[in-house]
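These numbers come from a predicted model, not from an experiment. By convention here, the first residue in the shown sequence is residue 1.
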Amino acid sequence: MGDLQAVLWDMDGTLVDSESLWSITMAELAAHLGGELSAATREDLTGSSLRRTVTTVRREVGVPDPDGVEGVDRDGRWLLDRTFALFAQGLPWRPGARDALATVRASGLPTALVTSTYRELTEVALDTIGREFFDVTVCGDEVAATKPDPAPYLRAAELLGVDPGRCVAVEDSPTGTASAAAAGASVLVVPADVDVPAGERRTFRDSLVDLGVDDLRSLLAVNVH
């Protein structure tokens, strides 16, 4: 298998507690459209792409032609603008996340941020997280397909010039975990708001507190066949 070549970090719910802010703005979008977002639908949308999120909200509140391109684009813009305002106020760290980022960075391992969030919002989040922790960033509007498709993680590995099978991805959601595993990475799963099912290439941890590089290296020998 060889040694660990890179660490690939998810953002929302993994490094920062931004999923709670998305919950607020999704509920606001539903109300803006004249309806209400159910808890089950919100859970299903954890880690999802913007387009799927908006389409799902529109369908749930009974918007005619919920897949209509113009309406999805308009409501997507509304959701982005509202979320932008909340992100700009600062994002709370997930437990242990900042120290884990610093530990991996100090080790010299290449790193990537791999998120379904669009570039304009990711840039705001990076004001809190710190751009210095990542060699590359891959955002939801920069790939042909978003999580759970493997494309975002494959793109990150390509940009870093590493083998995805010798990378560890750190994720919190079923959607992101499926994406990273499909790309061939070993996945450290730290669930936040939604339970993640067990599966191949997945190792679970309660938090990122006291996470060390040796912990990440050890994952390459686990659940990889």
Salt-bridged, [X] to [Y], with N to O below 4.0 Å?
X      : Y      : value
Asp149 : Arg155 : no
Glu70  : Arg58  : no
Asp73  : Arg77  : no

Side chains of [X] and [Y]: is there a donor and an acceptor less than 3.5 Å apart?
X      : Y      : value
Thr56  : Arg52  : no
Asp10  : Thr115 : no
Arg119 : Thr137 : yes
Arg105 : Thr111 : yes

State, with a plain yes or no, whether a side-chain heavy atom of [X] is found less than 4.5 Å away from one of [Y].
X      : Y      : value
Val196 : Asp172 : no
Arg217 : Asp214 : yes
Pro95  : Leu208 : no
Phe87  : Ser18  : yes
Glu123 : Arg131 : yes
Thr103 : Val213 : yes
Ile129 : Val16  : yes
Phe134 : Leu101 : yes

Passing option when Pro174 is tested against Val194, Asp44, Val189 for side-chain contact (heavy atoms from CB on, under 4.5 Å): Val194
Asp67 and its side-chain contact (heavy atoms from CB on, under 4.5 Å) partner, picked from Val72, Val54, Thr55: Thr55
Is [Y] reachable from [X] through a run of I, L, V, M, F, W or Y residues, each pair having side-chain heavy atoms under 4.5 Å apart?
X      : Y      : value
Val170 : Val138 : no
Leu154 : Leu113 : no
Leu109 : Phe133 : yes
Trp9   : Leu4   : yes
Val57  : Leu121 : yes

Verdict with reasoning, Tyr153 to Glu158, per side-chain hydrogen bond (donor to acceptor under 3.5 Å, both in side chains): CA-CA 9 Å; Tyr153 280 103; Glu158 178 185 26; over 6 Å; no
Might you point out which heavy atoms bring [X] and [Y] nearest each other, and give the distance in Å?
X      : Y      : answer
Pro110 : Gln5   : CD-O, 3.1 Å
Cys167 : Val162 : SG-CG2, 3.5 Å
Ala181 : Val187 : N-CG2, 3.7 Å
Ser23  : Arg42  : OG-NE, 2.7 Å
Ala112 : Ala156 : CB-CB, 3.9 Å
Val104 : Ser107 : O-OG, 2.5 Å

Please round to the nearest 0.5 Å and tell me the distance separating atom [atom1] of [X] and atom [atom2] of [Y].
X      : Y      : atom1 : atom2 : result
Thr117 : Asp141 : OG1   : CG    : 9.5 Å
Glu120 : Leu80  : CD    : CG    : 5.0 Å
Leu86  : Ser20  : CG    : OG    : 9.0 Å
Thr122 : Met11  : OG1   : CE    : 4.0 Å
Asp127 : Leu91  : CG    : CG    : 9.5 Å
Leu50  : Ser116 : CG    : OG    : 10.0 Å

Chi angles and distances behind the side chain to side chain contact (heavy atoms under 4.5 Å, CB included) call for Arg205, Leu188: CA-CA 7 Å; Arg205 188 182 175 103; Leu188 177 61; 3.8 Å; yes
Show me the donor-acceptor pairs within less than 3.5 Å that the side chains of residues 24-38 make with the rest of the protein, sequence neighbours left out.
from, atom 1, to, atom 2, distance (Å)
Thr25, OG1, Leu21, O, 3.4
Thr25, OG1, Trp22, O, 3.2
Thr25, OG1, Thr83, OG1, 3.0
Glu28, OE1, Arg82, NE, 2.6
Glu28, OE2, Arg82, NE, 3.4
Glu28, OE2, Arg82, NH2, 3.4
Ser38, OG, Thr41, N, 3.1
Ser38, OG, Thr41, OG1, 2.9
Ser38, OG, Glu60, OE2, 3.0

Is the backbone N or O of [Y] less than 3.5 Å from a side-chain atom of [X], with the two atoms forming a donor-acceptor pair by type?
X      : Y      : value
Lys147 : Ala180 : no
Glu142 : Cys139 : yes
Arg201 : Ala182 : no
Asp215 : Gly212 : yes

Full working for side chain to side chain contact (heavy atoms under 4.5 Å, CB included) between Thr175 and Thr46: CA-CA 7 Å; Thr175 300; Thr46 301; over 6 Å; no
Evaluation steps, side chain to side chain contact (heavy atoms under 4.5 Å, CB included), between Asp12 and Glu19: CA-CA 6 Å; Asp12 296 294; Glu19 288 292 355; 3.6 Å; yes
ring-ring contact (aromatic ring centres under 6.0 Å, His included): pairs with one or both residues in residues 101-121, sequence neighbours excluded: none
Asp210 atom CG: more than 12 heavy-atom contacts under 6.0 Å: no
